[in-house]
Amino acid sequence: MSDPWSSLKSELSSTLSRVLGKNVEVRELPAGSPHGDFCLPCFGLSPDPVSAASDLASSVRAEFVIPISEGPYLNFRIDWEKFAPRLLKAVGPSYGRGNEGKKVMVEFCHANTHKELHIGHVRNLCIGEAVARILEFRGNRVLRANYQGDIGPHVAKCIWGYLNLEFPEPKDPVEKGRLLGKLYTEACKKAPEEEVKRITKALYEGDPETVEVWRKTREWSLEYFDSIYREFGVRFDRLYFESQTAEPGKRIALDLLRRGIAKISDGAVVVDLTEFDLGIVVLVTKEGYPLYPAKELGLAELQFSEGIDRCIHVVASEQNLYFKQVFKIFEMMDPELSAKSHHLSYELVRLKSGKMSSREGNVVTYHDVTEALRKKVEAEYGSESAGKVALAALKYGMLKMDTNTPVSFDLEEATKLKGDTGPYLLYTLVRAKSILEKAGDPGGLEFSDLAPEEIELLRLISRFPSVVKKSAEDLKPHRLARFLFDLSDAFNRFYEKHRVVGSEHEGRRLEIVRCVSTVLETGLGLLGIETVSRM
RNA sequence: GUCCCGGUAGCUCAGCCUGGACAGAGCACCUGCCUCCUAAGCAGGGUGUCGCGGGUUCGAAGAUCCGGAAGUCCCGUCCGGGACACCA
């Protein structure tokens, strides 16, 4: 919970506010800035910002920082010789932790059964897990939830395929998953529409024969997903299925009808949101089937019965309008429900050839990518920890850009192993740990004559807590990912230039390396990236 | 047609929330660097109409005149993607 840098920053801000007689806040300068660590632009302070800055520079006294006026700016340089001991002492496994104390459900993945997991799901999985871990680290109790569509026309198509197509019996979970994916795609091309409707109906009405096939294939799907989740390092605390939200969803929809929130239109149960520019939402079809929005209401009932303070739905941006609609209905039902709900939207993963569609079979699956990656790692560097390195590359690649940035997926781009990649971060950590293993008797700590590369590392280490906090507030893991890259970059420059073991400054350098290693390991952990000890 | 997201180096992307302080990385390409803590590394080499157009924009009692910073804020527009009543 200790965050010396933020404390320093806020102390400095209040000192300045006292001197100036008004509330000001110093701004942090980017870690590599030649101007120092904090600055106060003096433009609004007086008609003459330049002399205001220099007046302030000579009148302000604060511990650990040296004020310097540069033009209209009042800059502050941290006195690292004095500040370093305080900072390094704070760095341990819980450095950067918070105590926010909320109970949060993070709902992500949403893979539909009877289909293959593709790279779009991978982005979702990466974001969801990273956000879950970051929120946990900030002191929240997190429940990971996965809401899966295990019923409906897409399932009916797959069942049609199972009943009408030839296939060899699948042996392991991966084969089972892949087979279902193929059956689905084939059925989309071949299954007659009436047949799909018939099976959908049979499924909803509980026709024993159809249900049996459904049970079996659904089980295959879940085994397949489980094998991937295990490999990926995700475990869900709650699994919700559409088959279980349909009935309560319909019940709630009918209740909304009684309360006058919903109405009948063309025989369907709808909520009219046109006054909010959100169109009309159909809850129950004229045939009496609950649609997705109705099921969402059923799901919310299940979720909020857990007493959660917040529910974060990690769902692609194509559902933006949908979530606005659902949250508006929440608001009409119970404002608190909508206040606690949040849609973490991310842009789609597309292929260069266009949008992926399991219906058309033009998807890049989870196994396509992980296998390509693993093979490449093995070919170039040998098989030692190839699987973990491959996953690191995949996860970091998905997390390093803003959730708002659309991904145009390219296998070549995704299998890069050098530069701004997951393996680079892993490698940096391996190097740092290797130094720590070889360390002799550290000797005393002194911080005189710090090299620029050492100061750079201290600056980055100091900012870790605020980066994590910001990442958590914005629900943007890429901020943390970028930070870890910058840290690695700075560490590798330091590594190249300065000897640690056996050097004159071994004591403090070991301490710095220890902190880099701790921060890197913690940070990678928050991104859901498993580290390795050798590469 | 309406709404949402994107447009920054050849390519992939940061930076925009919180305006000022050189517009930054990585990849790719070229040149160096392993008797020394792991070369998946490091050093050097050069690139930009920040899609386009407009607007707005700090300081003293007031008034007037002059000056007054945009990749970042606002509006418009173009391009790409997505969404928009019985799919999920």
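Letters A, B, ... mirror the listed sequences (proteins, then strands); counts begin at 1.
- Among the heavy atoms of the strands lying under 4.0 Å from A/Glu70 is at least one base atom, whether or not backbone atoms are also near.
- Going from atom CE of A/Met398 over to atom P of B/A14 covers 14 Å, rounded to whole Å.
- Using a 4.0 Å heavy-atom criterion, one finds that A/Val270 contacts no nucleic acid atom at all.
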Using Watson-Crick and G-U wobble pairs with both distances under 3.5 Å, what is the 5'-to-3' dot-bracket string of RNA chain B, with [ ] for crossing pairs and | for pairs outside the strand? ((((((((.[[[[.)........]]]].(((((.......))))).....(((((.................))))))))))))....

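- Rounded to an integer number of Å, the gap from CZ of A/Arg509 to C1' of B/C37 is 12 Å.
- Aromatic ring centres of A/Phe323 and A/His313: separated by under 6.0 Å.
- Taking the six-membered ring for Trp and the full ring otherwise, the centers of A/Trp160 and A/Tyr184 sit at least 6.0 Å from each other.
- Within the structure, a side-chain polar atom (N or O) of A/His478 is placed less than 4.0 Å from OP1 or OP2 of B/G15.
- In terms of phosphate contacts, A/Thr428 brings no side-chain nitrogen or oxygen within less than 4.0 Å of OP1 or OP2 of B/G41.
- A/Thr405 comes within 4.0 angstrom of the backbone, heavy atoms only, and of no base.
- Here the P atom of nucleotide B/A28 and the CG atom of A/Asp420 are 12 Å apart, to the nearest Å.
- Residue A/Arg499 is classed as a base contact, given a heavy-atom separation below 4.0 Å to a base.
- Nucleic acid contact for A/Glu287: none, since no nucleic acid atom lies under 4.0 Å from a heavy atom of the residue.
- If you measure from atom CZ of A/Arg350 to atom C1' of B/G82, you get 9 Å, rounded to the nearest angstrom.
- With hydrogens and angles ignored, the 3.5 Å screen pairs no side-chain donor or acceptor of A/Ser317 with any backbone N or O of A/Asn320.
- Checking the phosphate oxygens (OP1, OP2) of B/C42, a side-chain nitrogen or oxygen of A/Tyr424 falls inside 4.0 Å.
- Residue contacts shown for A/Thr274 are absent, as no nucleic acid heavy atom lies under 4.0 Å away.
- For A/Lys433 against B/C37, a side-chain-to-base donor-acceptor contact under 3.5 Å is absent.
- Both A/Leu321 and A/Lys416 lie close to RNA chain B; mapped to their nearest nucleotides by heavy-atom distance, the more 5′-ward contact belongs to A/Lys416.
- A/Thr217 and A/His114 are linked by a side-chain donor-acceptor pair at a separation below 3.5 angstrom, with hydrogens and angles left out of the test.
- At a threshold of 4.0 angstrom between heavy atoms, the contacts of A/Asp489 are confined to the sugar-phosphate backbone, with no base atom among them.
- For the pair A/Arg482 and B/G15, the criterion of a side-chain N or O lying under 4.0 Å from OP1 or OP2 is not met.
- Side-chain atoms of A/Glu347 stay outside donor-acceptor range of the base of B/G6, with no qualifying N/O pair under 3.5 Å.
- If you check B/C37, B/G82, B/G15 against the side chain of A/Glu318, the one that comes closest is B/G82.
- Distance CG (A/Leu257) to P (B/C86): 19 Å, rounded to an integer number of Å.
- Residues A/Lys328 and A/Ser338 have side chains that never bring a donor and an acceptor to within less than 3.5 angstrom of each other.
- No engagement by A/Tyr289 is indicated, since no non-hydrogen atom pair under 4.0 Å with the nucleic acid exists.
- Atom NZ in A/Lys418 sits about 7 Å away from atom C1' in B/A40, given to the nearest Å.
- Geometric assessment of A/Arg218 against the ring of A/Phe241 yields a positive cation-pi assignment under the 6.0 Å and 45° thresholds.
- Looking at heavy-atom distances under 4.0 Å, A/His343 makes no contact with the nucleic acid at all.
- Within 4.0 Å of A/Met401, counting heavy atoms only, lie sugar-phosphate atoms of the nucleic acid but no base atom.
- Of the two residues near RNA chain B, A/Asp474 and A/Asn404, the one whose nearest nucleotide lies more 5' is A/Asn404.
- Below the 3.5 angstrom threshold, one finds no donor paired with an acceptor across the side chain of A/Lys400 and the base of B/U12.
- Among the nucleotides B/A40, B/G41, B/A88, the one closest to any side-chain atom of A/Tyr292 is B/A88.
- Atom P of nucleotide B/C17 and atom CD of A/Glu473 are separated by 16 Å, given to the nearest angstrom.
- At whole-Å resolution of the value, CD1 in A/Ile264 and C1' in B/C86 are 12 Å apart.
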